[in-house]
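Reviewing the structure listed below.
Sequential numbering from 1 along the given sequence is applied to the chain's residues.
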Amino acid sequence: MVDALRTLGATVNMFAADTSFSETPSVIDGVRRRIRNLLAREPERHIERRLLRTMQDFEPELVLVILGNQISPRTMALMRKATRAPIVCWCQDQLTTMGRQYILGSGYDMVFVKDRYMQELFSRMIRSTSFRYLPEACNPRVHRPLPLSDADRDAYGCELMIAGNLYYYRQEILQQLSEFDLKVFGILPDWLIERIGARYQRRAIFGDDKARAACAARIALNTLHFAEVNSLNCRAFELAGCGAFQMISDTPVVAEHFGVDEEIVTFRTVEELIEKARHYLRHPEATARIARAGQQRAHRDHTYEHRLLELVAAVLPDRVLPGQVPPDPAP
C-alpha cells in the first residue's frame, strides 16, 4: 500500500503500531508483548505518545488507519487534537477480527470496509461514521507471473495448492481433497491439531516464492474464511495478479470483480470443488485461458493504486496526486 501511494506521487510516513521491543524481535519480545496485553486494560494505548509525536512532526493532509483495531476512541480523541486532517480507516479484514469494534466507536471521518454485508449493515445502523465499500487489491509489481526454473517446478509443482494460514474450517475442507496432489503452505497455529500430513509443507511462503507457487500449481485454491460474508480476501486479487488459475469459494461479490468461469472459477460445496477440479485438470487449455484473463483483469482494475485513488477521491475530492492519470475528457 505504501508502495502504491509513493507510485502515485504521495509523500508517505508509515507508522507501525505493532513494533517489537527491539529491531530484531526475539522470543523475549514476544513474551513481553503477551504479558503487556494480558495485564493492560487497553494495551493498544502504549503507542499513543509515539503516534502523536509522529503526526505532529509529519503534518499530514490525510491519516489512513489500516484495520483499525489498535486505535481506541480515547486514542482518537488525542489524534484529533494533534491534527486537523481527516482520519479514515480501511478495514481490510473480516468480521471475526474486529476485536473491541473500535472502528465503530472512534468517530472516523470515513470507514472503508471490504465486505458488502458490513457496509450495508453499518450504514443502516450507525450514524456517527460514513461507511464505504472498498475491496482489497493486488500490487502488480509483486503479484505478477514469474518464469519457473526446474527447481521451482520441483518445489511447487502440484495439481492443487493453497497458501494461507491453517484453521479448522480450512483444514476440514482440505482433508476431503485426498485424491489430488495438494500442497499446503502457511502458518500452523500451536492450538491446531494438524491432520493433513505430508501435504502440509511446514512453511509459509511470501513474495516471489508465493507467486512462483501459484504459477507452478495447476489450480490455485482459495477457500474463503466463513466470515467473508460478501467479500473477497486479498488472495483473490493476488492470485489473479500472479496469473494463476484460481478456484474460489463462491460469494455474490465475486461476480462484481471477475467474470465467473471466464476470469475465475467458483464453488459452493466441497462436492462442486472436487468435480470442477477434476474437470479443469483434464482441460489445461481452459485453465490457461481463464488464468490469462484473470491476470489481465486484476492488473487493469484491481491494483492498490485503483483503490487508493478511490479512497482519496472520497475523502479529499479536490486533491489530485502527482502520479494520478487524468480522466479522459468528456466527449
Residue pair F58 / T83, side-chain heavy-atom distance below 4.5 Å: no

Shortest non-hydrogen separation from C138 to A298 and the atoms involved: SG-O, 3.9 Å

Separation between CD1 of I205 and CE of M161, rounded to the nearest 0.5 Å: 4.5 Å

Nearest-0.5 Å distance, CG of residue L95 to OG1 of residue T97: 8.0 Å

Beyond-backbone contact of M98 with L104, side-chain heavy atoms, under 4.5 angstrom: yes

Y117, OH: over 12 other non-hydrogen atoms inside 6.0 angstrom: no

Neighbour count >12 (heavy atoms, 6.0 Å) for atom CZ, R202: yes

Listed partners of H302 passing side-chain hydrogen bond (donor to acceptor under 3.5 Å, both in side chains), at least two apart: R307

Side-chain donor or acceptor of D3 paired with backbone N/O of R6 under 3.5 Å: no

Side-chain heavy atoms of V315 within contact of F112, under 4.5 Å: yes

Spacing of C89 atom SG and I103 atom CD1 [to the nearest 0.5 Å]: 5.5 Å

same_hphob_cluster(L146, Y156) at 4.5 Å side-chain heavy-atom cutoff: no

Full working for side-chain contact (heavy atoms from CB on, under 4.5 Å) between F245 and V265: CA-CA 8 Å; F245 171 72; V265 171; 3.7 Å; yes

D150 atom CG: more than 12 heavy-atom contacts under 6.0 Å: no

Charged N-O contact under 4.0 Å between D209 and R212: yes

Stepwise side-chain contact (heavy atoms from CB on, under 4.5 Å) test for L177 and I196: CA-CA 10 Å; L177 305 180; I196 53 175; over 6 Å; no

Check: R195 side chain, Q175 main-chain N or O, donor-acceptor pair, under 3.5 Å: no

Connected via hydrophobic side-chain network under 4.5 Å: Y304 and V12: yes

Backbone N/O of R203 and side chain of Q201: donor-acceptor pair under 3.5 Å: no

Minimum heavy-atom distance L316-E61, with the two atoms named: CD1-O, 4.1 Å

Note, L311 side chain near L62 side chain (heavy atom, < 4.5 Å): yes

For D181, all residues meeting salt bridge (Lys or Arg N to Asp or Glu O under 4.0 Å), sequence neighbours excluded: none

D301 and Q296: CA distance, side-chain angles, deciding distance, side-chain contact (heavy atoms from CB on, under 4.5 Å) verdict: CA-CA 9 Å; D301 296 337; Q296 292 167 2; over 6 Å; no

Nearest non-hydrogen partners of F15 and T54, listed with the distance: CD1-OG1, 3.7 Å

Partners meeting salt bridge (Lys or Arg N to Asp or Glu O under 4.0 Å) with R116 (sequence neighbours left out): E256

Side-chain donor or acceptor of Q246 paired with backbone N/O of A236 under 3.5 Å: yes

4.5 Å side-chain heavy-atom contact, M79 and L52: yes

Any donor-acceptor pair under 3.5 Å from Y200 side chain to G186 backbone: yes

ILVMFWY network linking F226 to Y168, side-chain heavy atoms under 4.5 angstrom: yes

Exercise: identify the closest heavy-atom pair between V63 and P60: CG2-CG, 3.7 Å

Any donor-acceptor N/O pair, N222 side chain to M247 backbone, under 3.5 Å: no

Any residue meeting salt bridge (Lys or Arg N to Asp or Glu O under 4.0 Å) with R292, in chain and number order, not counting sequence neighbours: none

Non-hydrogen side-chain atoms of L67 and Y102 separated by less than 4.5 Å: no

S149: partners by side-chain hydrogen bond (donor to acceptor under 3.5 Å, both in side chains), with sequence neighbours left out: D152

Side-chain donor/acceptor of R218 to backbone N/O of L281, under 3.5 Å: yes

Heavy-atom side-chain contact between F131 and Y108 under 4.5 Å: no

Non-hydrogen atoms of L221 and I162 that approach each other most closely: O-CG1, 3.4 Å

same_hphob_cluster(L5, W90) at 4.5 Å side-chain heavy-atom cutoff: yes

Counterpart residues, side-chain hydrogen bond (donor to acceptor under 3.5 Å, both in side chains), relative to E310 (two or more places apart): none

Under 3.5 Å: donor-acceptor pair, side chain of Q295, backbone of G243: no

Side-chain hydrophobic cluster, 4.5 Å single linkage: members besides L148: none

D208 and R144, any side-chain heavy atoms less than 4.5 Å apart: yes

Where E238 and A137 come nearest, the two heavy atoms and their spacing: CG-O, 4.2 Å

H225 (side chain) donor-acceptor with Y169 (main chain) under 3.5 angstrom: no

Flag, side chain of Q70 to backbone of G68, donor-acceptor distance under 3.5 Å: no

Of all pairs that satisfy salt bridge (Lys or Arg N to Asp or Glu O under 4.0 Å), the ones with a partner from residues 224-234, not counting sequence neighbours: K114-E228

Remaining members of the apolar cluster that contains I248, side-chain heavy atoms under 4.5 Å: Y133, L224, L232, F237, V253, V254, F258, V260, I264

Co-members of I187 in a cluster of I, L, V, M, F, W and Y side chains, linked at under 4.5 Å: none

Contacts of R80 that satisfy side-chain hydrogen bond (donor to acceptor under 3.5 Å, both in side chains) - sequence neighbours left out: D109

Worked check of side-chain contact (heavy atoms from CB on, under 4.5 Å) between L174 and F180: CA-CA 10 Å; L174 299 179; F180 301 106; over 6 Å; no

Gap separating the CG atom of L239 from the NE2 atom of H143, nearest 0.5 angstrom: 8.5 Å

Contacts of R278 that satisfy salt bridge (Lys or Arg N to Asp or Glu O under 4.0 Å) - sequence neighbours left out: E179

Atom CZ of R300 with >12 non-hydrogen neighbours under 6.0 angstrom: yes

Spacing of E272 atom CD and S249 atom OG [to the nearest 0.5 Å]: 10.5 Å

L166-F206 co-clustered via ILVMFWY side chain contacts under 4.5 Å: no

CD1-CG distance between I66 and D93, expressed to the nearest 0.5 angstrom: 11.5 Å

